[in-house]
Each structure stands twice: as structure tokens, then as C-alpha cells.
Chemist: 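Structure incoming, see below.
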Amino acid sequence: MRYSRMLIPTLREDPGEAEIVSHCLMLRSGLIRKLAAGVYNFLPLGWRVMKKIEQIVREEMELAGAQEVFLPVLCPSELWHESARWDAYGKELMRITDRHGRDFCLGPTHEEVITDLVRREVRSYRQLPINLYQIQTKFRDEIRPRFGLMRGREFMMKDGYSFDRHEAGAQRAYSMMYKAYNRIFARCGLDFRAVEADSGPIGGSFSHEFMVLAESGEDSIASCTECDYASNLEKAECVGPRMNELPEGPCMKDMAEVETPGRKSVEDVCEFLGCRPEQLVKTMIFIQEGKPLAVLVRGDHEVNEIKLKNLLGGVSEVILADESTIEYATGGPSGFSGPVGLKGLPILADLSLKGMVNFVVGANEADKHLLNVNLDRDFKVDRYADLRYITDKDKCPRCSGILNFHRGIEVGHVFKLGTKYSKSMKAVFLDEDGREQYMIMGCYGIGIGRTMAAAIEQNHDEDGIIWPLPIAPFQVHILPVNMDNEDVSGAGEEIYQDLQKEGIEVLLDDRDESPGIKFKDADLIGIPLRVTVGIKSLREGMVEMKWRDSKDVVREGLPHIAAKVRNMIEDKKRTADSKLESIL
RNA sequence: CGGGGCGUAGCGCAGCCUGGUAGCGCAUCGGUUUUGGGAACCGAGGGUCGGAGGUUCAAAUCCUCUCGCCCCGACCA
């Protein structure tokens with residue numbers, strides 16, 4: 001491709017709308033342009049990258065035995081009523097009405113559509129297992145689209161669904177996808193982790209998220225330095241105190257009330273009373289279905305509302321109570337709530353409380369706290385559970401090893417769905433005995449655009465993008481420095497032709513621009529291998545080559561350039577392949 | 001949905017407080033000179049100042065409403 005003929009509108013300055021580096025570089029290098037909030041045009045260069053990623057996904061899906069289909073964007077509401085998600089999905093679901101007044105939505109995901117397809121066409125256990133996927137535009141009316149392609153309202157996604165006749169098969173399908181995902185993201189040149197995750201409203205029992213490690217990530221993950229445990233912070237398990245950490249004997253002191261004027265926060269109370277946050281118990285009042293409940297966590301811990309919601313059944317919303325509810329439920333203002341004397345509402349406590357004696361709580365009265373409060377003696381806990389976020393003081397729940405914390409970008413998610421959709425939508429088959437059985441499903445998503453953004457987050461420098469070879473829009477960028485010199489432009493043209501014959505994707509910067517502009521643009525758009533043709537070297541019959549991620553310049557005689565370039569690229573590919581083999 | 005902010009040339013911004021000829025840099029077009037890291041000079045084009053209403057002799061500027069966008073939070077395969 002000739003640069004002069006291609007639409008690559010690079011920007012010299014940082015666009016005002018971009019907050020993170022990948023968004024900024026995607027705009028500056030002319031990959032995308034915004035059409036509306038969370039809605040983007042893909043320009044030629046950006047679209048080439050998208051297709052590269054899609055192709056890797058296709059190859060690995062086919063290798064794992066999945067078949068590509070293409071489902072409609074426009075989905076009738078009936079199917080969504082069947083799964084009860086028409087009401088449950090909320091405002092994120094883009095809804096449309098046609099001229100006849102029939103309701104539709106723009107698919108944010110396709111469990112309903114695929115389940116409908118499969119229940120119509122699959123009758124027998126002989127037809128199972130089956131695994132179908134598609135790559136298609138999805139719609140979610142995000143409250144706040146942000147970070148460019150990272151969180152859009154319209155975005156490209158690979159979504160796949162497996163149907164099995166029994167649990168073992170479903171487990172096998174899940175493992176196949178888990179492995180395929182590892183290969184996909186490794187091939188895209190990403191540093192990532194597969195972490196245990198909350199399955200959210202999609203439902204199902206078990207899930208892993210694939211997280212690309214990046215500071216700008218919207219999620220936090222914890223991973224063990226000693227075993228292979230890794231988890232989304234939302235899900236990361238916190239274990240209670242071990243037997244040897246439990247308090248011993250009758251060392252309980254007498255409970256006492258103290259004045260704590262205006263001290264509401266854990267920090268203020270601790271400073272005032274001269275104690276540490278871990279000696280305090282926070283009492284948080286939540287509301288579920290209009291009813292209040294109390295949740296106790298240690299002063300240095302935070303309540304994990306997702307764990308709380310899952311514990312309470314995981315369906316209806318659990319929200320933090322407002323001031324009037326707190327006063328109604330506890331008899332005191334917020335900031336002074338405590339479990340002692342609480343009546344008429346369930347008291348849930350985090351496991352860590354089991355290790356505490358003589359702790360501080362609110363007195364359910366303004367400006368008063370209680371000292372030396374003890375479990376069972378002073379109040380009763382209705383239920384102990386893991387209700388908090390993990391902290392850096394916690395140990396690995398599997399092996400007690402030290403935990404590391406990272407930010408991550410979720411680029412893929414695999415779920416075991418079980419029979420959630422097959423039951424609600426009656427997707428059944430006949431087994432060997434002629435009995436009707438529900439299909440066991442799994443679902444598997446990859447954000448294609450998000451993967452592209454994540455790749456840039458991880459592969460850039462102050463000058464621009466550094467594309468990993470497998471997803472680069474072109475492999476080679478030919479940069480003739482002086483186009484008005486016929487030797488230079490002629491050599492550039494010759495190399496361009498030769499490389500194309502080799503089947504290499506090559507961009508020839510045939511613009512009559514100053515060298516500075518051409519070099520800056522080349523760095524910005526980040527094509528992995530640059531071939532520079534300039535008068536100085538050319539007088540000696542030489543041409544220069546440089547990887548975008550390196551400072552080293554390789555010189556080669558003009559006649560051998562095509563072969564040399566091919567070898568360099570083949571080498572790079574072989575290195576990547578062997579790395580892939582060693583990982584998996 | 002709550003809080004904050006921004007809409008002025010293709011892009012980045014100034015002007016607004018204190019009303020009176022709409023500006024700067026980059027980009028674009030023509031020309032001359034340049035050419036190994038975003039060149040120099042000369043010339044040119046490009047704006048219903050997001051939209052509507054109001055106040056005023058006069059509104060980019062003040063007031064009201066509205067739309068769009070950005071950030072923080074809540075939300076979230």
C-alpha cells in the first residue's frame with residue numbers, strides 16, 4: 001500500500017478527548033475517529049489491526065473445534081422475555097420499536113439467540129457437543145462510555161457458546177476455550193493473566209477473566225507469587241483467622257461507653273481513642289428489598305458488595321442505606337452504628353471478626369462509641385461469611401503465599417453457564433434412554449477492539465505505538481527519505497515491489513514530505529520493521545533496517561534487501577512460535 | 001442518575017470576568033527556497049462563536065432553556 005493513497009490522518013497534538021495512552025495514540029495515529037460518545041469509525045489502518053486480531057481468534061477457535069456463525073444484531077424481545085433478561089438487563093439494553101410497534105433490542109450478547117437456534121435444530125445427544133461462535137458488533141448503552149475503544153457503546157466482540165450433554169463435556173469445552181484464549185492473547189503479544197472472576201448477571205457458576213496487565217485497567221487483580229492463584233479483586237477469597245490465630249482464653253474486658261464527639265470515620269475514631277483500625281469494627285447498614293441489614297467488617301477492611309449480594313441470593317439489589325434508614329434501623333446517626341443492642345435486623349459479619357476481642361464499635365447514639373466489645377457476650381452474629389475486599393496484608397487463600405496486586409484490562413471472559421438459559425428457554429435433547437435433558441452451556445467472549453487498545457497500552461513509547469508483529473497493520477514500512485532523488489525513490493519502489501512479491505504486507509511512504517515528518521509518522525503508527533532508504537547509504541549501495549522496538553540499525557545491500565527482510569520477519573515469527581509452545 | 005467542566009476555523013486553544021471590527025499556533029491551498037527526526041519565507045481560503053429564546057442601541061461575552069461532549073462517582077460479561 002502506498003502511504004500517499006491511504007487515509008492515515010495522523011495528529012501532531014494530543015486530542016483533548018483522550019485520557020489514556022491507547023485512546024490518544026489510536027486517534028493520533030489515525031486508527032479511529034469518534035462519531036458519537038462510545039461510537040467509533042475505524043479508519044483503514046485501525047481496521048487492518050482489527051482484522052488481524054479477528055483472524056487470530058478465528059484460527060484458534062477453529063483449532064478448538066468451534067464453528068463460526070453470524071447472528072443478527074436485531075433481536076426480538078420475545079426471546080429476552082423468555083430468559084427474563086428483558087427486565088433484568090436494565091437500561092444498558094438498547095431497545096427499539098419497529099413500525100408495527102414490536103419491541104426489539106440490539107444484541108449486547110447472544111445467549112438468547114443462540115439458545116433459540118440450538119433448541120430448534122438440536123434434538124439428540126448424537127448432535128452434541130456443539131460449539132458456535134461469531135464475531136460481530138455488540139451494543140450496550142453504557143452509562144458512561146470512556147477511554148475510546150475500552151468501553152464503547154458499540155463494539156466488536158467474539159462471542160462463543162458451547163452446548164454439552166453432561167457436566168464432564170461442559171468442563172471439557174470450558175478447558176478447550178480457556179486454552180484457546182491463552183493462545184490467542186499470547187499470539188497477540190500481550191502480557192496477561194487468567195483470573196477467577198465473579199460471573200455477574202450473566203449467571204452461571206464459574207468464570208475466568210483474561211486480564212491484560214496495565215496501569216490504566218479498570219479492574220484490580222490479585223495474584224499469588226508462589227502458586228498460580230489469580231483473581232479479580234471483586235472475587236478474591238479472604239480466609240478467616242486460622243485456629244492458631246484465634247484469641248485465647250477469658251481475656252475479655254468489661255464493656256465501656258466513651259464520648260467520641262464528632263468522630264465518625266474509622267480514622268478519626270482511632271486517632272481520638274489512640275487505637276488502630278484493626279481494633280475497630282465498622283457497622284454498615286445496607287438495604288435489600290426495602291429491609292435493612294447490618295454488615296460488620298474490621299476497621300481496616302472494606303465491604304465487598306458483590307460478595308454480599310451473592311451471599312444474599314444474588315438477584316435483588318443491595319445498596320448502602322441512607323441516613324434516615326440508618327437512624328430508623330439503629331436509633332443513632334450514621335458514623336456511630338454498632339451491633340450491640342441492634343434489634344429487628346439481621347447481623348452479618350466478616351470472617352475476620354472471629355479473631356477479634358475487646359474491639360471498638362459505635363454505640364448507636366450520637367458522639368458515643370463502645371470499648372471492649374466482644375462477640376457472643378455483647379451481641380450475636382446471625383451469620384459469618386467472607387464479605388470484604390482482599391488487602392495487601394492478606395495471604396493467598398490457596399497456599400498462604402504473598403499476593404501481588406495489579407491493574408488489568410478485561411479482554412476476555414469465559415463462563416460456565418450450566419443450565420441457566422437452557423432451562424428458562426427449554427433447550428433440551430433426548431439422551432440414550434430417550435429422556436429429555438437440559439443442555440449444559442458455556443459462553444466465551446473476547447473484546448476485539450479492547451484487545452487492540454490493550455495491545456497499545458502495553459506496547460508503546462513516547463513516540464507512538466509499537467505493534468507486536470502478529471497484529472500490526474503492516475509488517476514493513478519503507479521510508480524513502482528524499483523522494484525528489486530518483487535513486488532513492490526508485491530504490492524504495494523496487495523494494496516495495498520485491499517485498500510484495502514475497503507476500504509481505506508493506507507500506508511505502510511515497511509522500512513528498514520532509515524526513516522529519518516521515519520519521520515521526522512512522523514511529524507514531526508503529527509498524528514493526530522500518531526500511532529506510534536515503535542518499536547517504538544508497539551511495540554505498542546500502543539500505544537500513546530497524547525494528548520499531550529497538551535502536552539497532554541493520555544495513556544490507558540493496559539487491560538482498562527483500563530476502564533479508566523476509567528472514568528477519570521469519571526469525572521474529574519463529575521466536576514467537578517457540579515462546580507460544582513453551583507457554584502452553 | 002449525582003458532582004465538576006467544556007462547546008469559538010479541520011486540530012489545539014485565547015478572547016467571556018469588565019458587551020462595541022472574531023484572534024493565535026498547527027493543518028489546508030498557491031508560490032519560492034529547502035530535505036536523515038514534525039523546515040523557512042511570501043500569499044490565499046476557511047467561522048451562522050453548539051442551538052433556541054431573552055436583556056440591550058449593540059451579545060462569542062450578560063440571563064433563561066436546550067443539545068452535545070469530557071472528567072469524578074454510582075453502574076457494568
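Residue numbers begin at 1 in each chain, while the letters A, B, ... track the order of the sequences.
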Chemist: With a 3.5 angstrom cut-off on both distances, give the Watson-Crick or G-U wobble partner of B:U48, or none if there isn't one.
Modeler: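 Result: none.
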Chemist: Roughly how far apart, to the nearest Å, are B:G51 and B:A59 at atom C1'?
Modeler: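 Here B:G51 and B:A59 have their C1' atoms 15 Å from each other.
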Chemist: What I'd like to find out is whether the side chain of A:M1 reaches to under 4.5 Å of the side chain of A:L508, using heavy atoms alone.
Modeler: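 No - every pair of side-chain heavy atoms lies 4.5 Å or more apart.
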Chemist: Is it true that A:D487 and A:R539 have a side-chain N and a carboxylate O under 4.0 angstrom from each other?
Modeler: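 So A:D487 does not pair with A:R539 through a salt bridge.
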Chemist: Do nucleotides 30-39 of chain B as a string where each nucleotide becomes B, S or -: B if the base has a protein heavy atom under 4.0 Å, S if just the sugar-phosphate does, - if no protein is that close.
Modeler: -----BBBBS
Chemist: Measuring only the C1' atom in each nucleotide, how far is B:G43 from B:G38? A whole number of Å is fine.
Modeler: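 That atom pair is separated by 23 Å.
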Chemist: State which residues pass ring-ring contact (aromatic ring centres under 6.0 Å, His included) with A:H560; sequence neighbours excluded, sorted by chain then number.
Modeler: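 For A:H560, no residue satisfies ring-ring contact (aromatic ring centres under 6.0 Å, His included) once neighbours in sequence are set aside.
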Chemist: Considering Watson-Crick and G-U wobble pairs with both distances under 3.5 Å, what does B:G68 pair with?
Modeler: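 The answer is B:C6, by the H-bond criterion.
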Chemist: Output all residues satisfying side-chain hydrogen bond (donor to acceptor under 3.5 Å, both in side chains) with A:S550, sequence neighbours left out; order by chain, then residue number.
Modeler: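 Expected list: none.
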Chemist: With a 3.5 angstrom cut-off on both distances, give the Watson-Crick or G-U wobble partner of B:A60, or none if there isn't one.
Modeler: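 Across all strands, not a single nucleotide pairs with B:A60.
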Chemist: Could you pull out all residues at least two apart from A:D509 that satisfy side-chain hydrogen bond (donor to acceptor under 3.5 Å, both in side chains)?
Modeler: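 With sequence neighbours excluded, A:D509 shows a side-chain hydrogen bond (donor to acceptor under 3.5 Å, both in side chains) to A:R511, given in chain and number order.
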Chemist: What is the separation between atom NZ on A:K91 and atom P on B:A74, rounded to the nearest whole Å?
Modeler: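 Computing the A:K91:NZ to B:A74:P distance gives 17 Å.
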Chemist: Between A:R95 and A:W86, is NZ or CZ placed under 6.0 angstrom from the six-membered ring centre and within 45° of the ring axis?
Modeler: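 Ring-cation test returns yes.
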Chemist: Considering only the P atoms, how many Å lie between B:C11 and B:U66, rounded to the nearest integer?
Modeler: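 Between the two P atoms, the distance is 27 Å.
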Chemist: Would you say A:K34 places a side-chain N or O within less than 4.0 Å of OP1 or OP2 belonging to B:C70?
Modeler: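 The answer is yes; a side-chain N or O of A:K34 sits under 4.0 Å from OP1 or OP2.
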Chemist: Starting from P on B:C70, measure out to CG on A:D14 and report it in whole angstrom.
Modeler: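 It works out to 17 Å between those atoms.
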Chemist: Tell me every residue that passes side-chain hydrogen bond (donor to acceptor under 3.5 Å, both in side chains) with A:E302, counting only those two or more places apart in sequence or in another chain.
Modeler: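 A:E302 satisfies side-chain hydrogen bond (donor to acceptor under 3.5 Å, both in side chains) with A:K282 once adjacent residues are dropped.
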Chemist: Under 3.5 Å for both donor-acceptor distances, Watson-Crick or wobble: does B:C24 have a partner, and if so which one?
Modeler: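 The answer is B:G12, by the H-bond criterion.
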Chemist: Is there a Watson-Crick or G-U wobble partner for B:G37 with both distances under 3.5 Å, and if so, which one is it?
Modeler: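 Answer to the pairing question: none, since B:G37 forms no Watson-Crick or G-U pair.
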Chemist: For A:E234 and B:C75, give me the distance from atom CD to atom P, rounded to whole Å.
Modeler: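 To the nearest whole Å, that distance equals 10 Å.
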Chemist: Using whole Å, what does the distance between atom P of nucleotide B:A74 and atom CD of A:E305 come to?
Modeler: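 That distance rounds to 9 Å.
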Chemist: Counting side-chain heavy atoms from CB outward, which of B:C11, B:G73, B:C69 is closest to A:E13?
Modeler: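 Selected nucleotide (nearest to the side chain): B:C11.
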Chemist: Expressed as a whole number of Å, how far does the P atom of B:G73 sit from that of B:U55?
Modeler: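 It works out to 43 Å between them.
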Chemist: For A:L320 and B:G73, what is the distance between atoms CG and P respectively, to the nearest whole Å?
Modeler: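 The answer, rounded to whole Å, is 17 Å.
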Chemist: With a cut-off of less than 4.0 Å, is there a side-chain N or O of A:R144 near OP1 or OP2 of B:C72?
Modeler: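 Yes.
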Chemist: Nearest to the side chain of A:R151, heavy atoms from C-beta on, is which of B:G25, B:C76, B:G73?
Modeler: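 The closest nucleotide is B:C76.
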Chemist: Does B:U55 have a Watson-Crick or wobble partner in any strand here, with both distances under 3.5 angstrom, and which is it?
Modeler: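 None - no nucleotide pairs with B:U55, as no candidate has both distances under 3.5 Å.
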Chemist: Specify the separation, in whole Å, of atom CD of A:E17 and atom P of B:G10.
Modeler: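 Whole-Å distance recorded here is 15 Å.
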Chemist: Write down the distance separating the P atoms in B:G53 and B:U21, rounded off to the nearest Å.
Modeler: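 Each nucleotide's P atom is 22 Å from the other's.
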Chemist: Going by side-chain contact (heavy atoms from CB on, under 4.5 Å), A:L149 matches just one of A:I456, A:I32, A:T451, A:I448. Which one?
Modeler: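 The option that passes is A:I32.
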Chemist: Work out how far the C1' atom of B:C29 is from that of B:G19, and round it to whole angstrom.
Modeler: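 Going atom to atom, C1' in each nucleotide, I get 36 Å.
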Chemist: Starting from P on B:G10, measure out to CG on A:L7 and report it in whole angstrom.
Modeler: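 One finds 17 Å between P of B:G10 and CG of A:L7, rounded.
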Chemist: With a non-hydrogen cut-off below 4.0 angstrom, is A:E209 in contact with a base, only sugar-phosphate, or nothing?
Modeler: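 Here A:E209 touches no strand at all.
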Chemist: Can you check the distance between B:G12 and B:U18, where both ends of the measurement are the P atom (answer in whole Å)?
Modeler: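 29 Å, rounded to whole Å.
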Chemist: Counting only Watson-Crick pairs (N1-N3 plus N6-O4 or O6-N4) and G-U wobbles (N1-O2, O6-N3), all under 3.5 Å, who is the partner of B:G19?
Modeler: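 Check on B:G19: unpaired, no WC or wobble geometry under 3.5 Å.
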Chemist: With A:S83, which residues qualify under side-chain hydrogen bond (donor to acceptor under 3.5 Å, both in side chains), at least two apart?
Modeler: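 A:S83: side-chain hydrogen bond (donor to acceptor under 3.5 Å, both in side chains) contacts with A:E112.
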Chemist: Could you work out the separation of B:G54 and B:U61 based on their C1' atoms and round it to a whole Å?
Modeler: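 That atom pair is separated by 15 Å.
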Chemist: Between B:C76 atom C1' and A:M211 atom CE, what is the distance in whole Å?
Modeler: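 Distance, rounded to whole Å: 12 Å.
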Chemist: Need one value for A:Y181: base, sugar-phosphate or nothing, where a base atom within 4.0 Å counts as base even if backbone is also close, heavy atoms only.
Modeler: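 Here A:Y181 touches no strand at all.
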Chemist: Paired with B:G30: which nucleotide, if any, by Watson-Crick or G-U wobble criteria at under 3.5 Å for both distances?
Modeler: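 Its partner is B:C42 (Watson-Crick or G-U wobble, both distances under 3.5 Å).
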